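It should be emphasised that the depicted structure is a prediction, and the values quoted were computed from it without experimental measurement. What you see below is based on every heavy atom in this structure, not just the backbone, and it leaves out hydrogens, waters and symmetry mates.
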Amino acid sequence: MNIGITQKKLEQSVGLLSVILADEVTLYTKTRKFHWNVSGESFMELHKLFEAQYTELEEVIDEVAERINKLGANTIGTLKEFSELTSIKEMPGNYPTQKEMLIELLNDHETVIRELRKNVAVCDEEIKDAVTADFLTGIMSKHETIAWILRRYLN
């Protein structure tokens with residue numbers, strides 16, 4: 001592969017993207033769990049909100065996986081690989097209230113945003129991979145929108 005980025009730098013981009021993929025898959029799974037288990041007064045509204053959010057995350061997951069392939073690498077794809085790389089905390093056996101679900105998802109999206117912001121700088125300044133930096137900026141924008149919506153439910 002000869003696209004103006006050394007093999008070592010390509011591997012660095014792939015490493016960052018693999019962590020992002022693991023975070024996206026974990027956040028997708030958590031959002032899906034909350035979609036299935038939300039109950040209470042605003043059940044239908046939150047049920048639909050979570051569905052819209054996990055649908056958007058599903059698209060992001062596919063785009064990240066494809067970006068990894070475009071850089072000449074294979075994409076991780078097992079739960080074990082995702083759980084080893086993710087920074088998103090899972091809560092097995094925990095079924096939070098509606099408000100707790102919103103807070104947890106907001107915190108997770110903000111975690112992803114902070115990591116993406118760092119990775120944009122690394123891709124741009126250290127790796128010199130402008131396309132991946134731009135790609136991650138677009139993903140960060142999607143997470144900022146989701147975080148804003150979740151925050152509005154909590155105010």
Side-chain angles (χ1 to χ4, degrees), residues 1-38 46 49-96 100-151 154:
M1 191 165 179
N2 185 10
I3 60 171
I5 302 173
T6 66
Q7 185 61 35
K8 184 177 178 182
K9 299 281 185 181
L10 285 171
E11 289 169 8
Q12 199 175 351
S13 281
V14 168
L16 293 174
L17 286 164
S18 295
V19 171
I20 292 163
L21 181 61
D23 284 346
E24 297 292 344
V25 168
T26 305
L27 187 50
Y28 165 87
T29 303
K30 184 182 282 189
T31 306
R32 192 102 197 211
K33 175 186 174 183
F34 290 171
H35 165 78
W36 290 329
N37 291 291
V38 69
L46 291 177
L49 174 71
F50 295 154
E51 181 177 17
Q53 290 178 348
Y54 75 66
T55 300
E56 186 166 2
L57 291 171
E58 188 174 22
E59 291 174 17
V60 169
I61 288 165
D62 197 50
E63 292 168 358
V64 173
E66 288 176 0
R67 181 71 191 147
I68 291 168
N69 291 153
K70 288 176 186 177
L71 295 177
N74 289 320
T75 303
I76 62 170
T78 67
L79 296 176
K80 185 175 194 273
E81 290 167 314
F82 296 138
S83 67
E84 289 172 352
L85 292 177
T86 189
S87 60
I88 303 298
K89 303 290 184 245
E90 289 189 291
M91 306 285 231
N94 183 27
Y95 298 92
E100 291 167 338
M101 287 177 180
L102 293 165
I103 290 168
E104 193 170 330
L105 289 176
L106 173 59
N107 290 336
D108 290 342
H109 281 280
E110 288 179 343
T111 296
V112 170
I113 291 164
R114 288 189 303 274
E115 290 304 309
L116 285 166
R117 195 171 307 284
K118 284 187 235 174
N119 289 330
V120 166
V122 169
C123 285
D124 191 39
E125 298 163 14
E126 293 177 31
I127 300 173
K128 306 293 186 204
D129 182 354
V131 175
T132 299
D134 184 57
F135 173 70
L136 297 180
T137 300
I139 293 171
M140 185 169 42
S141 177
K142 291 177 183 185
H143 282 282
E144 286 181 348
T145 299
I146 292 172
W148 168 70
I149 292 167
L150 293 168
R151 221 176 277 115
L154 296 167

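- Here the side chains of Leu27 and Gln53 are not in contact, with every heavy-atom distance at 4.5 Å or above.
- Both tests pass for Lys33 against the ring of Tyr95: distance under 6.0 Å to the centre and angle within 45° of the axis.
- Salt-bridge check for Lys30 with Glu104: passed, with a basic side-chain N closer than 4.0 Å to an acidic carboxylate O.
- Side-chain contact check for Thr145 versus Ile149: some heavy-atom pair is nearer than 4.5 Å.
- Between Phe50 and Phe34, the ring planes are tilted. Angles from 30° to 60° get that label.
- A donor and an acceptor atom, one from each side chain of Glu24 and His143, are located under 3.5 Å apart.
- Residues Thr29 and Arg32 have side chains that never bring a donor and an acceptor to within less than 3.5 angstrom of each other.
- Using a 4.5 Å cut-off on side-chain heavy atoms (C-beta onward), Glu110 and Asn107 make contact.
- Expressed to the nearest 0.5 Å, how far CD1 of Ile76 lies from CZ of Phe82 amounts to 5.0 Å.
- Between His35 and Thr31, the closest side-chain pair of non-hydrogen atoms is not below 4.5 Å.
- The minimum heavy-atom distance between Ala147 and Leu106, with the atom names listed, is O-CD1, 3.5 Å.
- For Glu144, the salt bridge (Lys or Arg N to Asp or Glu O under 4.0 Å) criterion is met by Arg117, not counting sequence neighbours.
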(request) Could you give me the CA-CA distance, side-chain angles and deciding distance for Val131 and Arg67, then say whether side-chain contact (heavy atoms from CB on, under 4.5 Å) is met? (result) CA-CA 10 Å; Val131 175; Arg67 181 71 191 147; 3.5 Å; yes

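- Listed here is the closest heavy atom pair of Lys80 and Ser83: O-OG, 3.0 Å.
- Here the side chains of Val60 and Lys142 are in contact, with some heavy-atom distance below 4.5 Å.
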Donor-acceptor list for residues 1-23 side chains, cut-off 3.5 Å, not counting sequence neighbours:
from  : atom 1 : to     : atom 2 : distance (Å)
Thr6  : OG1    : Lys9   : N      : 3.2
Gln7  : NE2    : Glu11  : OE2    : 3.3
Lys9  : NZ     : Glu126 : O      : 2.9
Ser13 : OG     : Asp129 : OD2    : 2.9
Ser18 : OG     : Val14  : O      : 2.9
Asp23 : OD1    : Thr86  : OG1    : 2.8
Asp23 : OD1    : Ser87  : N      : 2.6
Asp23 : OD1    : Ser87  : OG     : 3.2
Asp23 : OD2    : Ser87  : OG     : 3.1

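- Side-chain contact between Val25 and Leu57 is absent, with no heavy-atom pair separated by less than 4.5 Å.
- Across all their heavy atoms, Leu136 and Cys123 have their closest contact at CD1-SG, 4.0 Å.
- In this structure, CG in Leu150 is found 9.5 Å from CG in Leu46, a value given to the nearest 0.5 Å.
- Other residues, nucleotides and ligands contribute more than 12 heavy atoms inside 6.0 Å of the CG atom of Asn94.
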